[in-house]
Visitor: 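Handing you a structure now.
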Amino acid sequence: MRGVTRRFDGLIALDDVSFTVQPGEIVALLGPNGAGKTTASRIIGGILTPSEGDVLVDDVSLRNDPNTVRSRCGFVTDQPSLYERMPLRAYLTFFGRLYDVHEPARRAAELAKLLGLDDVLDRRLGTFSRGMRQKVAIARALVHDPPVLLLDEPATALDPEMAQTLRSFIVSLRARHRAILLTTHDLDEAQRIADRVVVLFRGRVVRIGATGEIRSAGKPQYTVTFAGDGALARTALSRVGIDAQPASGSDGLSALRFTTDDPVRTNGQALRALIDANVQVVTLSVDERSLEDAYMQILQEARA
Amino acid sequence: MKAWLIAWREIRWEVFLDRASLLRTGIFVLLPLFLVLANGGIGRGAGGDAALLGIAVQCVIFPAFSGVALIAATFTAEKENGTLVPLLAAPIRDLDIVVGKLGGMVITVMAASLVTLGAGYVIAAYRYGLARVAEVFTPELLYALLVLAFLYLITTGSITMIVAARVRSSRAAQQLAGLVIAFSAALFGGLGFIASQLGEGWPLLGLGVALVLFDVLALELARRAWQRGEVIARV
């Protein structure tokens, strides 16, 4: 996306948004409701036209040649949105023909087999379960073997097992050099499979980066667990200039958390202060910041 | 070609598998035939000719009325179920979607009009005599009536599509389709009456030309109303 702005009746849904997705890469598009995620993926898929800016797919401009861009994108929405009266075979063949697929009926059978739907090829879609319907939506998006996949909340309302299967399938598509834009609210899912993250807030990009980088950004946090009085330990740490906050402990232990730019010096000071105060330290460990923590901090900063 | 794919899908999987559509179309097909059967008798002269002409008009226009409701239903159902999104994501022109969906309904309804007209002809010939019916139902008239039904469908169908693009529920679209049917029936009846009073030939031709021009305008407006951005903004 290059400097894309989209307005709806005077309301700005996207404001000068730019980012890229490379082949063989999964980019997670994150943001609160109304941030513009779905609008962004619909613009890339050629369903909506940008008010300003452009989208390039394999150097083909959406403004100049929207149908070529559409033919290179596969689009999956949170709602499978199927023609309920059609059987699976007829449905996939219909979309295969719309995308000018060579031998669409053969491709339909091939995709059904790939997604484990080959035994229901002639069953009407209206009789399918939620998980099966989402698989059909994925098959529809893959019918023309597109280099770009736009997945808008694909795992919504799927049970954990089905969501796991879907996740594995998305990862397998990355291995086949597809460029994948995953729009999601599921930060755990994004953390597991996304190579990079784009955070949108009120239509603007507020953070772009590798998932690992975004998680590790900011001061590292450390947690000390101990047996004994939490207030005493906190006072001992504050005497050496460490501002520790209570954290949730386990197995009857107390815990305090603090941040530092200089763990070599601060952690040693902390341990000495606690031992001098007769606090029985059990562990001192660095916290792995989750994508969710990083995301919440990014949003907090964006709101500020 | 892609418009035809969409049209065929509509006919094969939506119209023929939708019991409500079939029932509604069936009623509009049988109603004019029932009116032919219920008609006491057709006299000689201009009055009888007008009554026979009325029968022929009913046979083609009544099924066309069902088409307006069919068009409203198909477009709003796509919006309500979200099935429009994958269609709009496909590499097809906006015009193909409009023409395909409209075409599917028009083909179905024109087939119903043709069947009704044929059946009406046969029943009228049986009741009033073949020679009497053939005298009024000339091939040119039958052809003109089918063209009229076609133009009526395109015009009202386009208007219904514009309405369907704006409203949010199929119930609202059906209510507005009902209004379109009532208004168009009154308008067509009135214009046809005025044209027939002005004399034969040119006024009717003028009405036909006006309808064609209105069709082109209505189709263009429908295409604009169903542009990807416009529709999705309202889904």
Side-chain angles (χ1 to χ4, degrees), chain A residues 6-9 11 13 38-39 41-51 60 62 65-87 90-101 104 124-126 136-137 139-141 143-144 146 150 152, chain B residues 1-22 70 73-101 103-104 108 165-166 170 223-224 226-235:
Chain A
R6 171 72 204 201
R7 296 182 200 91
F8 290 109
D9 300 327
L11 184 85
T38 296
T39 302
S41 59
R42 283 183 171 182
I43 286 176
I44 298 168
I47 298 174
L48 286 172
T49 46
S51 307
V60 179
L62 178 69
D65 194 354
N67 273 343
T68 302
V69 169
R70 285 179 199 124
S71 69
R72 292 182 187 184
C73 294
F75 197 74
V76 179
T77 54
D78 56 338
Q79 297 296 323
S81 308
L82 312 175
Y83 291 124
E84 309 261 316
R85 295 192 181 102
M86 292 180 87
Y91 183 76
L92 292 179
T93 306
F94 168 70
F95 274 95
R97 289 201 174 110
L98 285 184
Y99 281 92
D100 298 316
V101 171
R124 280 200 201 165
L125 299 174
V136 176
R140 180 188 64 212
V143 76
H144 54 301
L150 305 163
D152 189 357
Chain B
M1 178 59 188
K2 287 182 179 171
W4 168 244
L5 272 177
I6 295 169
W8 175 242
R9 197 205 72 78
E10 290 291 332
I11 297 167
R12 171 70 182 84
W13 299 106
E14 300 302 329
V15 177
F16 281 98
L17 290 182
D18 181 5
R19 284 183 198 153
S21 296
L22 285 178
L70 214 57
T74 182
F75 276 89
T76 44
E78 287 261 16
K79 270 177 68 180
E80 275 183 339
N81 303 333
T83 48
L84 200 61
V85 175
L87 203 58
L88 295 176
I92 42 180
R93 295 174 304 165
D94 296 344
L95 190 65
D96 282 329
I97 298 174
V98 170
V99 170
K101 292 194 74 63
T108 310
R166 293 286 184 263
S170 55
R223 188 191 67 78
R224 288 185 185 195
W226 281 86
Q227 273 180 345
R228 285 171 163 80
E230 283 296 309
V231 177
I232 288 296
R234 289 172 172 81
V235 168

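Letters go in sequence order (proteins before strands), and every chain restarts at 1.
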Visitor: Quick check for you: to the nearest 0.5 Å, what is the distance between B/I92 atom CD1 and A/L98 atom CG?
Guide: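 Between B/I92 CD1 and A/L98 CG, I get 5.0 Å after rounding to 0.5 Å.
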
Visitor: If the condition is ring-ring contact (aromatic ring centres under 6.0 Å, His included), which residues does A/F95 pass it with, not counting sequence neighbours?
Guide: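 A/F95 satisfies ring-ring contact (aromatic ring centres under 6.0 Å, His included) with A/Y91 once adjacent residues are dropped.
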
Visitor: With a 4.5 angstrom heavy-atom cut-off, which part of A/L82 approaches chain B: side chain, backbone, both or neither?
Guide: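 Contact with chain B is through the backbone of A/L82 alone.
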
Visitor: Taking the side chain as C-beta and beyond, is there a heavy-atom pair between A/R124 and B/L17 under 4.5 Å?
Guide: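 Yes, close enough: below the 4.5 Å cut-off.
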
Visitor: Give, as side chain, backbone, both or neither, the part of A/A13 having an atom under 4.5 angstrom from any heavy atom of chain B.
Guide: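 Neither part.
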
Visitor: Heavy atoms, side chains only, cut-off 4.5 Å: are A/E84 and B/T83 in contact?
Guide: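 A/E84 does not reach B/T83 side chain to side chain.
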
Visitor: With a 4.5 Å limit on heavy-atom distance, are the side chains of B/L87 and A/Y83 in contact?
Guide: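 Yes, at least one pair of side-chain atoms sits under 4.5 Å.
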
Visitor: Check whether A/S71 gets within reach of chain B through its side chain, its backbone, both or neither, counting any heavy atom under 4.5 Å.
Guide: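 For A/S71, the contact with chain B is made by backbone and side chain together.
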
Visitor: What's the separation between atom CZ in B/R12 and atom CZ in A/R85, rounded to the nearest 0.5 Å?
Guide: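 Between atom CZ of B/R12 and atom CZ of A/R85 there are 12.0 Å.
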
Visitor: Please look at B/D96 and chain A and tell me whether the side chain, the backbone, both or neither of the residue comes under 4.5 angstrom of a heavy atom of that chain.
Guide: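 Neither part.
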
Visitor: Would you indicate whether the side-chain heavy atoms of B/K2 and A/Y99 approach each other to under 4.5 Å?
Guide: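 No; the side chains remain at least 4.5 Å from each other.
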
Visitor: Apply salt bridge (charged side-chain N to carboxylate O under 4.0 Å, His left out) to A/D65 and list each qualifying residue two or more places apart in sequence or on a separate chain.
Guide: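 Listed in chain order: nothing, the list is empty.
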
Visitor: List the steps and the verdict of side-chain contact (heavy atoms from CB on, under 4.5 Å) for B/V85 and A/R42.
Guide: CA-CA 9 Å; B/V85 175; A/R42 283 183 171 182; 3.7 Å; yes

Visitor: Let me know if A/R140 has heavy atoms under 4.5 Å from chain B in its side chain, its backbone, both or neither.
Guide: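 Contact with chain B involves the side chain of A/R140 alone.
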
